[in-house]
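Accompanying notes for the structure given below.
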Amino acid sequence: MSTPFRKEEQRVDFVRLEENILALWEREHTFERSVEQRRGRDTFVFIEGPPTANGLPHPGHILTRVIKDLVLRYKTMRGFYVPRKAGWDTHGLPVEIEVEKELGLNTKGEIEQFGVEEFNRRCRESVFRYEKEWVNATKRVGFWIDMDNPYITFMNSYIESVWWSLKEIWKRGLLYKGHKVVPFCPRCETALSTHEVAQGYKEVEDPSIYVKFRLKSDTPSDTPVYMLAWTTTPWTLIGNIALAVHPTHTYVKVRVKEEMQDSILILAEARLEEALCDHDYEVLERFSGETLEGLAYEPLFDYAKITGGAAHKVLTAEFVSLDEGTGVVHIAPAFGEVDYEICRKNNMGFTQPVDSEGRFTDDVPPLTGVFVKDADRVIIEWLKSRGILFREAKYLHSYPFCWRCDSPLLYYARESWFIAMKSLRDSLIANNEKINWYPGHLKYGRFGNFLENIEDWALSRERFWGTPLNLWICESCGAEYCVGSVDELKARALSDLPDDLHRPYIDQVVLRCENCGGEMRRVREVIDCWYDSGSAPFAQWHYPFENIEEFKRNFPADFITEAIDQTRGWFYSLLAVSTAVFNEPPYLNVLSLGHILDENGVKMSKSKGNIVDINPIFRNEGADAMRWYFFTAGPPYDDIRFSEREMRERSKKFMNTLWNSYFFFITYAIIDQFSPKKREEAIPVDKRNYMDRWIVSKLNTVMGEVIEAIERFDIHVAARKLEEFVVNDLSNWYIRRSRRRFWIPEENFDKECAYQTLYEVLVTLCMLLAPFVPFITEHIYQNLVRDKDQPDSVHLCDYPTPVETVIDSELEEAMTVVIKLVEAGRRARSDAGIKIRQPLREVVIVSSNAAILAKVRNLAGILKDELNVREVRLDVESSAVSATDYTRVDVDDTLSLFLNTRLDKELRYEGLVRDIVRRVQGMRKDLDLDYTAEIRIMYDGDAEVEEAVEGFRDYICTETLAAELKRGRNDQMYGKIWKIGDREVYIAIEPLN
RNA sequence: GGGCUCGUAGCUUAGGCUGGUUGGAGCGCUCGGCUGAUAACCGAGAGGUCCGGAGUUCAAAUCUCCGCGGGCCCA
């Protein structure tokens with residue numbers, strides 16, 4: 001009879017193993033089959049958060065991918081149908097910036113000169129370049145996802161779905177045009193993302209001026225009263241629309257001595273000292289800020305063309321700070337986001353005296369064409385000459401500069417299209433109610449708070465590479481039309497449609513205005529790429545133009561996961577789009593992951609140069625090692641400090657132990673030609689010995705705990721339970737305690753039980769571990785399971801579920817007690833200075849708790865073996881144990897162990913013999929003998945040695961596979977003189993053949 | 001500046017919701033032991049202001065507040 005198992009190397013090359021498994025999966029289409037075989041079952045819907053393909057994948061991306069993979073493999077094994085469509089986020093400024101760098105372009109003007117057509121072609125190309133790296137890493141790490149049919153946000157079909165959804169929003173009147181204040185680089189003529197802004201802060205000195213705004217009064221002859229405001233950007237005064245004070249803080253009216261004359265000023269009481277500096281003053285009145293509300297003041301300049309509302313009034317606002325300035329804030333809606341907001345809330349007007357290059361427009365004749373920062377000096381002089389500059393100083397603060405060209409950024413209002421998310425606030429909150437967040441605090445914490453204070457979504461971007469905003473405006477009558485599909489566009493276009501819906505082609509498409517018959521042209525903007533990815537639930541299906549049923553079956557998603565920074569990113573954009581279009585939550589469970597930090601707990605970033613390269617890890621440690629490290633390092637929702645050393649140690653221990661357990665089995669199963677039985681032919685678990693019953697029971701208990709933990713996304717808990725089982729329960733206890741059962745040469749029932757048990761445990765363990773470490777488990781499974789009736793991949797198996805009938809908690813508890821007693825016994829030996837090899841007469845277990853004693857009684861054999869004692873005695877009280885002969889160790893209040901440490905001649909001889917056997921075994925190993933090789937032994941020593949050896953002759957021969965054992969010396973053999981205790985023993989061996 | 005979150009031995013961490021024996025474990029270190037699956041394992045030891053401070057309480061790593069530090073998001 002031939003063995004069904006293939007031999008294994010004791011030291012395995014995990015990297016090569018993984019490469020072989022990758023090839024196997026490829027060859028056998030294992031992934032596709034794992035999905036297909038569940039078709040018709042309940043669907044577990046997952047949406048892949050499309051990676052932004054503008055850089056190489058780093059460890060954080062890998063973490064996200066393996067967590068996704070774990071959950072999806074697990075759900076598949078649990079019987080769900082889990083299709084997985086890959087996705088690529090391909091639009092957006094980051095892609096454009098990469099291309100700009102390559103081409104050496106800096107401004108939008110330069111891009112237009114270069115040609116939008118070619119520019120966008122390169123953007124499209126660059127995205128594919130990075131995609132390759134992603135595909136490789138994704139495959140290598142074992143993330144099973146369908147990358148042959150991905151959704152790609154730049155595809156016409158995707159764009160068409162996005163257009164459709166925007167039209168739905170437009171039809172509901174939720175799409176409007178407004179202004180948005182953005183950080184803007186006047187030289188590059190482009191808005192910067194907050195991320196880019198954050199890169200460019202510098203300490204600079206700016207002017208700090210205190211300006212007097214004269215309040216209007218009914219009688220012009222009155223002594224003028226001024227509001228004293230403070231600003232560090234004098235040029236923005238041209239755009240002043242209002243002043244703001246805090247509603248509840250105390251303000252004062254003071255008489256202040258100035259060089260020429262006294263003046264009456266109003267400012268916050270708390271700012272008096274600092275703002276008035278050395279000036280003498282006299283407080284005339286005190287009042288709260290709200291008394292000032294609505295007062296009108298004289299404009300500083302009359303240049304501004306103000307549209308859409310009132311101007312030059314005092315407003316109240318909570319954001320007014322008393323930490324600096326005067327407590328009176330100058331408000332210019334064109335140059336500050338809070339400024340813009342407060343004006344809008346109070347129906348104030350708007351004025352924009354600056355053009356897109358940061359120069360004053362024709363509206364400001366003396367300054368026309370002057371760059372705003374250069375106007376500061378001029379404006380200060382004007383104010384001074386008019387006597388309304390109260391004070392001038394310098395102010396040191398950090399201010400953002402363009403990371404690319406180093407120009408100071410301007411906060412600058414640009415026209416922008418918005419989605420009125422504020423009006424959907426209640427729906428957003430209601431939909432959030434239906435979502436389970438992991439970790440739970442996000443639901444009402446970071447995310448919930450964000451929804452409570454939601455702002456309208458500034459949707460448009462004045463850029464090139466993005467989904468074109470599908471709005472056409474009539475040149476004659478100003479009518480606005482949102483195109484919701486390609487067909488619609490075709491029907492109204494005056495020319496043929498381009499093959500590509502991107503700029504610049506789409507900009508050529510002119511529509512006939514239904515209103516006046518005039519020509520409609522598209523607005524120039526593209527849309528925020530967050531809207532693209534937020535549309536994934538339907539746009540990946542090209543809904544509603546295709547796959548209507550497919551979409552309905554896959555909405556809402558059961559599960560998504562990304563890193564925590566996506567809370568206001570994709571997690572939000574999904575909810576926002578879905579709420580606006582369907583008024584449904586787009587996902588029901590969301591797992592937010594922590595970030596991967598470097599070894600020192602600092603975020604990995606390009607600029608810090610601390611990004612760990614994952615490719616060497618794949619080459620040296622392998623994917624399973626990395627996966628296991630990520631799964632066990634801590635809760636998935638906490639940050640992980642990535643340490644390669646830690647990763648190696650953590651995974652080595654687990655992977656090696658798992659491998660060695662398997663290797664042990666394979667080695668002996670081949671020797672014994674063990675072949676696995678079908679379930680119905682196997683020896684029933686309850687007929688097997690207690691160790692077998694224990695490990696099976698433990699396995700099933702752990703199984704339950706693992707499933708429970710994964711369902712809660714406590715992946716670290718599940719992984720650690722499994723690791724503990726493999727290392728402690730299986731390897732270090734079950735196999736170590738049971739190995740002699742495998743060494744018995746002849747066939748017997750107990751050995752069969754041991755083989756069957758270890759076999760079953762290993763196979764089941766592979767299934768339990770398959771979602772975590774898919775490579776090694778597949779490899780082991782491939783060798784262990786050869787039956788044609790069984791699935792031919794571990795990933796095609798059902799996830800094991802606990803069998804209640806084999807769980808024996810009594811036995812598990814008993815074993816726990818026994819393990820504690822073994823530890824106590826070892827300690828007693830250590831305390832008494834007697835090594836384990838020396839047999840002892842007895843150990844006495846004393847407990848007042850009869851139930852505990854009963855448990856120990858059944859497993860007393862283990863104590864005998866582990867503690868190397870002849871007898872185990874149980875007693876309810878310790879009085880029968882004499883103090884002199886026994887070493888006592890307490891396990892707890894109710895359980896103690898007494899080790900009899902008295903040695904007689906017989907025990908000493910046995911100890912001596914054991915030492916000799918141990919030396920012989922070591923020498924066999926020195927000679928690299930096969931486990932089954934027979935040997936001849938020569939020994940020499942004093943009379944006691946001879947007496948001991950002769951007394952245990954059979955024992956020695958059996959243990960060392962010796963056919964001959966003689967006293968004497970032989971220089972031809974491999975010999976050594978050993979020091980055992982305080983005597984010398986000569987031992988020599990040679991193999992027989 | 002604001003919100004959320006994390007902060008336990010040299011390192012990685014359990015426990016924290018539900019306050020209550022001497023705060024567990026792994027790696028590393030020292031000593032001793034064991035070893036024919038296991039560069040593995042076992043025993044002992046050194047190593048902790050549980051980030052700091054205040055409060056609640058008979059009792060705080062745990063609950064509350066205020067700081068400090070890391071992270072994320074937002075200003």
Side-chain angles (χ1 to χ4, degrees), chain A residues 8 10-11 194-195 197-198 319 321 323-324 336-338 439-442 444-450 452-453 455 563-569 571-572 592-597 599-604 629 632-635 637-641 643 645-650 652-654 656-668 716-717 720 723-724 727-728 731-733 735-736 738-740 742-743 758 822-831 833-838 866 868 889 892-893 914 917-918 920-926 928-933 959-961:
Chain A
E8 289 285 9
Q10 178 150 8
R11 301 252 176 277
T194 52
H195 180 75
V197 174
F319 67 74
S321 151
D323 295 338
E324 51 188 14
E337 194 169 352
V338 287
H441 62 75
L442 290 172
Y444 301 112
R446 184 186 285 211
F447 196 69
N449 289 340
F450 175 59
E452 293 285 343
N453 302 303
E455 294 291 337
I564 176 97
D565 53 277
Q566 296 299 332
T567 331
R568 297 186 188 197
F571 295 159
Y572 172 66
S592 156
L593 305 176
H595 283 120
I596 307 281
L597 311 178
E599 245 171 324
N600 306 312
V602 182
K603 181 190 164 177
M604 288 186 189
Y629 171 65
T632 52
Y637 35 82
D638 281 350
D639 292 344
I640 293 173
R641 281 190 188 204
S643 147
R645 193 181 50 81
E646 189 78 16
M647 183 193 73
R648 268 191 293 277
E649 278 169 11
R650 217 174 237 289
K652 189 179 73 183
K653 177 170 185 173
F654 167 71
N656 281 349
T657 310
L658 177 62
W659 180 263
N660 287 323
S661 302
Y662 158 70
F663 177 75
F664 172 85
F665 171 83
I666 282 294
T667 305
Y668 289 98
H716 64 305
V717 173
R720 286 170 178 183
E723 176 164 304
E724 209 170 301
V727 173
N728 292 340
S731 171
N732 205 21
W733 193 246
I735 296 181
R736 189 168 63 75
S738 304
R739 55 185 157 186
R740 289 186 164 266
F742 293 87
W743 293 343
L758 185 51
V822 168
E823 285 163 6
R826 290 203 189 106
R827 178 165 178 188
R829 276 181 169 275
S830 169
D831 288 351
I834 301 174
K835 52 190 179 183
I836 302 267
R837 221 164 9 228
Q838 174 61 58
E866 289 284 326
N868 194 13
V889 172
D892 56 42
D893 291 349
R914 290 231 186 167
V917 168
R918 158 83 194 100
V920 173
Q921 305 290 33
M923 291 169 78
R924 286 185 62 112
K925 216 172 178 177
D926 291 345
D928 208 19
L929 299 185
D930 194 80
Y931 304 154
T932 56
E959 285 296 310
T960 62
L961 286 185

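Proteins get letters first, then strands, A, B, ... in listed order; numbering begins at 1 in each.
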Length of the line joining A/Tyr637:OH and B/rU13:C1', which is rounded to integer Å:
13 Å
Roughly how many Å apart are B/rA60 and B/rG55, using the C1' atom of each and rounding to a whole number?
11 Å
Can you check side-chain contact (heavy atoms from CB on, under 4.5 Å) on A/Trp733 and A/Val822, steps first, answer last?
CA-CA 11 Å; A/Trp733 193 246; A/Val822 168; 4.1 Å; yes
C1'-based separation of B/rU8 from B/rG48 [nearest Å]
8 Å
Euclidean distance for C1', B/rG7 against B/rC51 (whole angstrom)
6 Å
Considering every strand shown, what is the Watson-Crick or G-U wobble mate of B/rC65 when both distances are under 3.5 Å?
B/rG53
Of B/rC42, B/rU38, B/rG36, the nucleotide closest to the side chain of A/Arg826 is B/rC42
What's the gap between B/rU57 and B/rC65 when it is taken at their C1' atoms, as a whole Å value?
16 Å
Would you mind telling me which residue lines up with the more 5' stretch of RNA chain B, A/Arg568 or A/Ser661, judged by nearest nucleotide?
A/Ser661
Nearest-angstrom distance from the residue atom CG of A/Leu597 to C1' of B/rU12
14 Å
Which one, B/rU5, B/rC11, B/rU38, comes nearest to the side chain of A/Gln10?
B/rU38
Do the non-hydrogen side-chain atoms of A/Ile564 and A/His595 ever get within less than 4.5 Å of each other?
yes
Tell me which nucleotide among B/rU12, B/rC73, B/rA37 gets nearest to the side chain of A/Arg641.
B/rU12
Any donor-acceptor N/O pair, A/Arg924 side chain to A/Thr960 backbone, under 3.5 Å:
yes
If you find the nucleotide of RNA chain B closest to A/Thr657 and the one closest to A/Thr567, which residue's nucleotide is nearer the 5' end?
A/Thr657
Any side-chain N or O of A/Arg736 below 4.0 angstrom from OP1/OP2 of B/rA37?
no
A/Arg918 vs B/rG36: side-chain N/O to OP1/OP2 distance below 4.0 Å:
yes
Does A/Asn732 place a side-chain N or O at less than 4.0 Å from the phosphate oxygens OP1/OP2 of B/rC42?
yes
Nucleotide opposite B/rC34 in a Watson-Crick or G-U pair, distances under 3.5 Å
none
Contact class for A/Ala633 vs. all strands (heavy atom < 4.0 Å): base, sugar-phosphate, or nothing?
sugar-phosphate
A/Arg641 side chain to A/Leu597 backbone, donor-acceptor under 3.5 Å:
no
Using a distance-only criterion (donor-acceptor N/O pair, under 3.5 Å, no hydrogens), is the base of B/rU38 paired with the side chain of A/Arg739?
yes
In terms of ring plane angle, is the pair A/Phe664 and A/Phe742 parallel, tilted or perpendicular, where the classes change at 30° and 60°?
perpendicular
Using a 3.5 Å distance criterion without hydrogens, assess whether the side chain of A/Asn732 forms a donor-acceptor pair with backbone atoms of A/Val727.
no
Rounded to the nearest angstrom, tell me the gap between atom CG in A/Asn728 and atom P in B/rA25.
12 Å
Output yes when a side-chain donor or acceptor of A/Glu723 lies under 3.5 Å from a complementary backbone atom of A/Lys653, and no otherwise.
no
Rounded distance (Å) that lies between atom C1' of B/rG71 and atom CG of A/Leu593
15 Å
With a 3.5 Å limit on both atom pairs, tell me what B/rG48 is paired to, counting Watson-Crick and G-U wobble, or say none.
none
Whole-angstrom distance between B/rC63 and B/rG16, as gauged at atom P:
10 Å
In whole Å, measure the gap between the P atoms of B/rC31 and B/rU13 for me.
29 Å
Pairwise C1' distance, B/rG47 and B/rC29 [rounded to whole Å]:
9 Å
Rounded distance (Å) that lies between atom P of B/rA40 and atom CD1 of A/Ile735
17 Å
Are the aromatic rings of A/Phe447 and A/Phe571 close, with centres under 6.0 Å apart?
no
Does A/Lys652 reach a base, just sugar-phosphate, or nothing at all? Heavy atoms under 4.0 Å.
nothing
Rounding to a whole Å, what distance do you find between A/Asn656:CG and B/rC41:C1'?
14 Å
Which nucleotide, B/rC27, B/rA37, B/rU12, lies nearest any side-chain atom of A/Glu649?
B/rC27
Among the candidates B/rU38, B/rG71, B/rG36, find the nucleotide nearest to the side-chain atoms of A/Asp639.
B/rG71
Return no unless some side-chain N or O of A/Tyr668 is found under 4.0 Å from OP1 or OP2 of B/rA37.
yes
Mind calculating the distance between NZ (A/Lys653) and C1' (B/rC27) to the nearest angstrom?
8 Å
Would you say A/Trp743 reaches B/rA37's phosphate, i.e. side-chain N/O to OP1/OP2 under 4.0 Å?
yes
Looking at B/rA14, B/rA39, B/rA37, which one has an atom nearest to any side-chain atom of A/Pro635?
B/rA14
Which part of the nucleic acid, if any, lies within contact of A/Asp565, taking any heavy atom under 4.0 Å across all strands shown: a base, the sugar-phosphate backbone alone, or nothing?
sugar-phosphate
Partner of B/rC27 by Watson-Crick or G-U wobble geometry, both contacts under 3.5 Å, or none?
B/rG10
Partner nucleotide, any strand, of B/rG19 [Watson-Crick/G-U, under 3.5 Å]:
none
Nucleotide nearest A/Asn449 (side chain, heavy atoms from C-beta), chosen from B/rC4, B/rA14, B/rG71
B/rC4
Winner on side-chain proximity to A/Asn660, out of B/rC4, B/rA75, B/rA37, is B/rA37
